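So you know, we letter chains A, B, ... as the sequences are listed, proteins then strands, and number each from 1. Here the structure is a predicted model, which is why all the values come from computation and not from measurement. Excluded from the calculations below are hydrogen atoms, water molecules and symmetry mates; all remaining heavy atoms, backbone and side chain alike, are included.
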Amino acid sequence: MPELPEVETVVSLLKTLVVHEVIESVEIYWNNIIGEPNVTTFRNNIEQQVITDVTRRGKYIIFALSNGHLVSHLRMEGKYYVYDEKVEKDKHTHVIFNFKSGKEMHYHDTRKFGKMYLYPKNEPLAILSKLGYEPWDQDLSADALLDLAKRRSISIKAFLLDQSVIAGIGNIYVNEILFTTKIHPAQPVNTLSKKQFDAIIKATASILSAAIESGGTTIRSYTSSLGVTGLFQQQLNVHNRQNEACNVCGSDIEKIVVAQRGTYLCPICQSIQ
DNA sequence: CGTGACACCTGGCAGC
DNA sequence: TGCTGCCAGGTGTCAC
Ligand SMILES: [Zn+2]
């Protein structure tokens, strides 16, 4: 389910639900969800720790613990649910955190793509080390992007999906950002102007902020994490709108493939240069 | 190093 | 109703 706005929505909710909870035990039903360390060490080391905060970096959820950090990536379908009392797991529940209070936090993931990483106190969160700018970072500038782009031959879409450039943009929002800035997704990134990068930075911040305000985007899945249904899908201009009318010029929205991903665009508003 | 193809998984849905 | 193939909000790896 998640790109940055959906993760941000989940993080705010988790913060109200699990901060101060003590992890008494952890049940793991699909070992590959645990990225680091091995499953036994993960389980042994996390037990008895207190959750002290929940934050976000890019698309990662960071649980600050009394003696380290749990970093969790939901990938395509990961969801968290928190219950006040014991609830039976279902077919796609892969990790259960049992809290001392009797509450439970379930990690649910239909496709099993999600990953969790546990780091001891004072150790760097290695999985986050290669992430690029947060979209609202003051150091994110057109000059910085221009510099990163000049050695690259990929499309602007692939560039914006590269988490080492800007962290948090995924397939829905990159389609929307490129529509707003009137740039063709397949345009080679080393042909963009400083002005275009400025527009991309502004559009990224405003689209992601608006999406967070709406609780994110919900498509395909009936509810997302914690039963939240985001509403930003009502404001999408191109994503998932093949053959519908462009909100600017009325042309049919097209679907093509760029960077191996489904890509929606208005062929009139977004011409390749 | 940068790039594209592919692997990792399951379920929903369009088209026979 | 079945079956088949394609598609899905992501990223790690591997061979040029
Ligand atoms: Zn248009």
Side-chain angles (χ1 to χ4, degrees), chain A residues 1-11 29-36 56-61 71-80 90-95 107-117 126-132 147-178 185-186 188-190 204 207-208 211-212 214-226 228-243 255-264:
Chain A
M1 64 149 279
E3 300 180 36
L4 187 153
E6 293 74 39
V7 176
E8 182 68 27
T9 303
V10 170
V11 163
Y29 298 101
W30 187 258
N31 290 350
N32 280 348
I33 300 287
I34 310 304
E36 201 180 319
R56 179 193 61 74
R57 172 81 170 96
K59 300 173 193 170
Y60 290 85
I61 300 167
V71 180
S72 168
H73 198 302
L74 306 175
R75 296 281 179 95
M76 296 291 265
E77 310 258 6
K79 297 172 173 88
Y80 279 101
D90 76 21
K91 192 178 173 185
H92 301 296
T93 306
H94 302 121
V95 183
Y107 177 72
H108 186 280
D109 190 342
T110 322
R111 290 172 75 183
K112 302 174 173 166
F113 282 174
K115 294 284 176 199
M116 295 182 193
Y117 308 84
I127 195 71
L128 308 181
S129 68
K130 295 210 175 80
L131 292 178
D147 194 53
L148 287 170
K150 70 186 177 202
R151 311 174 261 277
R152 314 284 302 263
S153 60
I154 52 174
S155 63
I156 178 60
K157 174 164 184 180
F159 185 73
L160 293 177
L161 287 173
D162 180 345
Q163 302 298 298
S164 74
V165 177
I166 299 175
I169 302 173
N171 200 39
I172 295 179
Y173 297 107
V174 73
N175 285 335
E176 296 299 311
I177 290 162
L178 293 174
V189 70
N190 57 12
T204 300
I207 290 168
L208 296 183
I212 292 169
S214 302
T217 298
T218 310
I219 46 180
R220 299 185 324 110
S221 28
Y222 180 61
T223 54
S224 60
S225 247
L226 299 161
V228 175
T229 305
L231 295 173
F232 194 71
Q233 62 276 15
Q234 296 168 0
Q235 295 177 59
L236 296 175
N237 282 302
V238 287
H239 189 87
N240 232 18
R241 294 194 63 233
Q242 183 177 21
N243 295 331
K255 184 182 183 192
I256 61 175
V257 174
V258 179
Q260 288 113 243
R261 313 293 301 276
T263 300
Y264 300 84

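- Between the CD atom of A/Glu36 and the C1' atom of C/dG12 there is a distance of 14 Å, given to the nearest Å.
- Remark: A/Tyr80 OH to A/Asp109 CG distance equals 9.5 Å, nearest 0.5 Å.
- Projected onto DNA chain C by closest heavy-atom contact, A/His239 and A/Tyr117 fall at different nucleotides, the more 5' of which corresponds to A/His239.
- In this structure, the side chains of A/Tyr173 and A/Leu160 stay at 4.5 Å or more apart for every pair of heavy atoms.
- With a 4.5 Å cut-off on side-chain heavy atoms, A/Arg152 and A/Asn190 do not count as touching.
- At the heavy-atom level, A/Lys59 lies under 4.0 Å from the strands shown only through sugar-phosphate atoms.
- When rounded to the nearest whole Å, the span between CZ of A/Arg261 and P of C/dC6 equals 18 Å.
- Note on A/His73: every side-chain N or O is 4.0 Å or more away from OP1 and OP2 of C/dG10.
- The aromatic rings of A/His73 and A/Tyr60 stand perpendicular to each other, their planes meeting at an angle above 60°, with 30° marking the opposite boundary.
- The CD1 atom of A/Ile177 lies 9.5 Å from the CD1 atom of A/Ile156; values are rounded to the nearest 0.5 Å.
- Applying the 4.0 Å criterion to OP1 and OP2 of C/dG10, one finds that A/Gln163 has every side-chain N and O outside that range.
- Counting any heavy atom pair closer than 4.0 Å across all strands shown, A/Gly262 reaches sugar-phosphate atoms only and no base atom.
- The separation between A/Asn175 atom CG and C/dG10 atom C1' is 14 Å, rounded to whole Å.
- Backbone-only engagement by A/Tyr60 is indicated by non-hydrogen atom pairs under 4.0 Å involving sugar-phosphate atoms exclusively.
- How far CZ of A/Phe113 is from CD1 of A/Ile33: 10.5 Å, rounded to the nearest 0.5 Å.
- Among residues two or more places apart in sequence or in another chain, the side-chain hydrogen bond (donor to acceptor under 3.5 Å, both in side chains) test is passed with A/Asn175 by A/Lys157, A/His239.
- Comparing the P positions of B/dC6 and C/dC7 gives an interatomic distance of 14 Å, to the nearest angstrom.
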Pair pattern of DNA chain C in dot-bracket, where unpaired bases get dots and | marks partners in another strand, Watson-Crick or G-U under 3.5 angstrom: .|||||||.|||||||

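- When every heavy atom of A/Leu208 is checked against every heavy atom of A/Pro5, the shortest pair comes out as CD2-CG, 3.7 Å.
- Atom CD1 of A/Ile127 is separated from atom C1' of C/dG10 by 12 Å (rounded to the nearest Å).
- The separation between A/Leu4 atom CG and C/dG10 atom P is 11 Å, rounded to whole Å.
- When the C1' atom is used for both B/dG12 and C/dT11, the distance is 23 Å, rounded to whole Å.
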Protein-proximity profile, nucleotides 2-12 of chain B, B/S/- by nucleotide at the 4.0 Å heavy-atom cutoff, equals SSSB--BBBS-

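- Put simply, A/Lys255 has a side-chain N or O that comes within less than 4.0 Å of OP1 or OP2 on C/dA8.
- A distance of 8.0 Å separates OG of A/Ser155 from CG of A/Leu161, quoted to the nearest 0.5 Å.
- If you measure from atom CG of A/Leu160 to atom P of C/dT11, you get 13 Å, rounded to the nearest angstrom.
- We find the CD-NZ distance between A/Glu77 and A/Lys112 to be 12.5 Å, quoted to the nearest 0.5 Å.
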